[in-house]
Number of protein chains: 2
Amino acid sequence: MPSDTKDRILDSAEILFAQNGFSATSLRAITDHADVNLASVNYHFQSKDALVQAVLMRRLNPVNQRRLEMLNAILQRFPASPPPVEEILEAFYRPVVEEVMKSQREGRPIMPLIGRIFIEPGELVASQVRSLMSQVVTAFVDAFHLALPQVPPAVLFWRLQFAVGMMSHTFAAAPLIEGLSRGRIRINDTEEVLRQLIAFAAGGLRGAMP
Amino acid sequence: MPSDTKDRILDSAEILFAQNGFSATSLRAITDHADVNLASVNYHFQSKDALVQAVLMRRLNPVNQRRLEMLNAILQRFPASPPPVEEILEAFYRPVVEEVMKSQREGRPIMPLIGRIFIEPGELVASQVRSLMSQVVTAFVDAFHLALPQVPPAVLFWRLQFAVGMMSHTFAAAPLIEGLSRGRIRINDTEEVLRQLIAFAAGGLRGAMP
DNA sequence: GCATTCTTAAAACGGACGTTTGACTGAATG
DNA sequence: CATTCAGTCAAACGTCCGTTTTAAGAATGC
């Protein structure tokens, strides 16, 4: 447990945002959970909105950086031939899944938070996510174009969004999905989740053109 | 003659819930938009939570009924041979996409609402969705098992959830997606959306076993 | 026509919200 | 030693929240 007030606020805010959403989580609930004074939120961050942005940035920036690193490593290994679709998908999925599962194990269940960021209403979160994701989207659409040159870029863009939605929904609705499955599946094994995601998305990306 | 106050509340609540989410939408915003008295919400419905449930039920019940009708029609046309995956997927997707696009055309943009219901935090919405979806999930997993007998039921369940997430995310993050695509795709054509969804999901369902 | 039920209206309830204030701390600076 | 200054704290600010109350109107049954 960190002793710095700013980090304690970020940690508690992350947990409570994941559990209850952004607008349903009050600053008082956060400061109670973090055991800090209420006014320290507006001292270290300027407002609740800025706190939301800080929570998102702290998680998304390292993940997206890792995604681009893995993607570049793949592209360098295939300088002249189409890179395998499955490897590109792993570069896209693994950094997120590992980050989520790691937090889960550490008692910080941020799974629904990661699942919800694309869907959160309000222009504040949307513009934040847009600026954080545009580089990643461009890089992966380009990579899929190398892997599947016969698929038009517009269709590849559709399919990348579907690949995002698969993961987003799996994390955000994890308790609901596990309940509906009546014990058939569990969403807590990094490699199993990655296998299922990659197998489905690879099939979808290669699917017959509509 | 039943009063139209109740329906006006439902219509306005639906629009504002879709725009701003459930907890960020106040009853005063709803009654102002509907041009009715504030107290009429607690008169016709008992609470805000009950209003949320009523809004969800009014939309989801007809859609899920239509899904099961279309699925049964397909299964009756293939009594002895595996039904085509694409037709099952159309039975799953078309009722939702048509409902959403129809509302969109009528000036009632409920797209983000439909996309967000699986992801909304809080046990109230979750239990509501669970009871509304369990019959549909069971019926479609069974149908996919007929269409793809070589795929284990647990994997089919994973893949049905991925199919849900694709659509969910497409609707909930539609403005974000259209922005990130920089004009490459638009999410307003029923048949185009259905083609893209079905093509990707069919490829994914048929994908190599992980 | 009167009585009863259903529906709307304005106003207020207590509480929770995000934010601001002003006093106070304790270590660092010169 | 006096001063500064980032940080913490309790308290209060005005606003908005979901809900309730009280009363007046509209509809319905006899």
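So you know, we letter chains A, B, ... as the sequences are listed, proteins then strands, and number each from 1.
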What is the distance from [atom1] of [X] to [atom2] of [N], rounded to the nearest Å?
| X | N | atom1 | atom2 | value |
| --- | --- | --- | --- | --- |
| B:Lys48 | D:dT20 | NZ | C1' | 17 Å |
| A:Lys6 | D:dA6 | NZ | P | 13 Å |
| A:Leu27 | C:dT20 | CG | P | 11 Å |
| B:His44 | C:dC6 | NE2 | P | 12 Å |
| B:Arg8 | C:dT8 | CZ | P | 10 Å |
| B:Asp7 | C:dT7 | CG | P | 13 Å |
| B:Phe45 | D:dT19 | CZ | P | 13 Å |
| A:Leu51 | C:dC17 | CG | P | 15 Å |

Is there a side-chain contact between A:Met111 and A:Met101, using heavy atoms and a 4.5 Å cut-off? yes
Does the side chain of A:His169 come within less than 4.5 Å of B:His169's, by heavy atoms? no
Please determine, for the side chain of A:Ala39, which listed nucleotide (D:dT21, C:dT20, D:dT19) has the closest atom? C:dT20
Report the nucleotide, chosen from D:dG18, C:dT20, D:dG7, that has the shortest atom-to-atom distance to any side-chain atom of A:Asn42. C:dT20
Row check, B:Phe45 ring normal vs B:Lys6 NZ/CZ: under 6.0 Å, within 45°: yes
So does [Y] get a backbone contact from the side chain of [X], meaning a donor-acceptor N/O pair under 3.5 Å?
| X | Y | value |
| --- | --- | --- |
| A:Ser181 | A:Glu178 | yes |
| B:Arg116 | B:Ala18 | yes |
| A:Ser12 | A:Ile9 | no |
| A:Ser40 | A:Tyr43 | no |

By nearest-nucleotide position on DNA chain C, the 5'-leaning member of B:Ser40 and A:Asp49 is B:Ser40
Answer with base, sugar-phosphate or nothing: what part of the nucleic acid does A:Thr25 contact at a heavy-atom distance below 4.0 Å? sugar-phosphate
Using heavy-atom distances to pick each residue's nearest nucleotide on DNA chain D, tell me which of A:Asp35 and A:Tyr43 is more 5'. A:Tyr43
Expected rows: protein N/O vs nucleotides 24-26 of chain C N/O, under 3.5 Å:
none

What distance do B:Thr31 atom OG1 and B:Arg28 atom CZ have between them, rounded to the nearest 0.5 Å? 7.5 Å
The reported gap from CD in A:Gln161 to CG in A:Leu156 (rounded to nearest 0.5 angstrom) is 11.5 Å
Within the pair B:Thr5 and C:dT8, is there a side-chain N or O less than 4.0 Å away from OP1 or OP2? yes
Check the interface with nucleotides 14-16 of chain D: list each N/O to N/O pair with the protein under 3.5 Å, or write none.
none

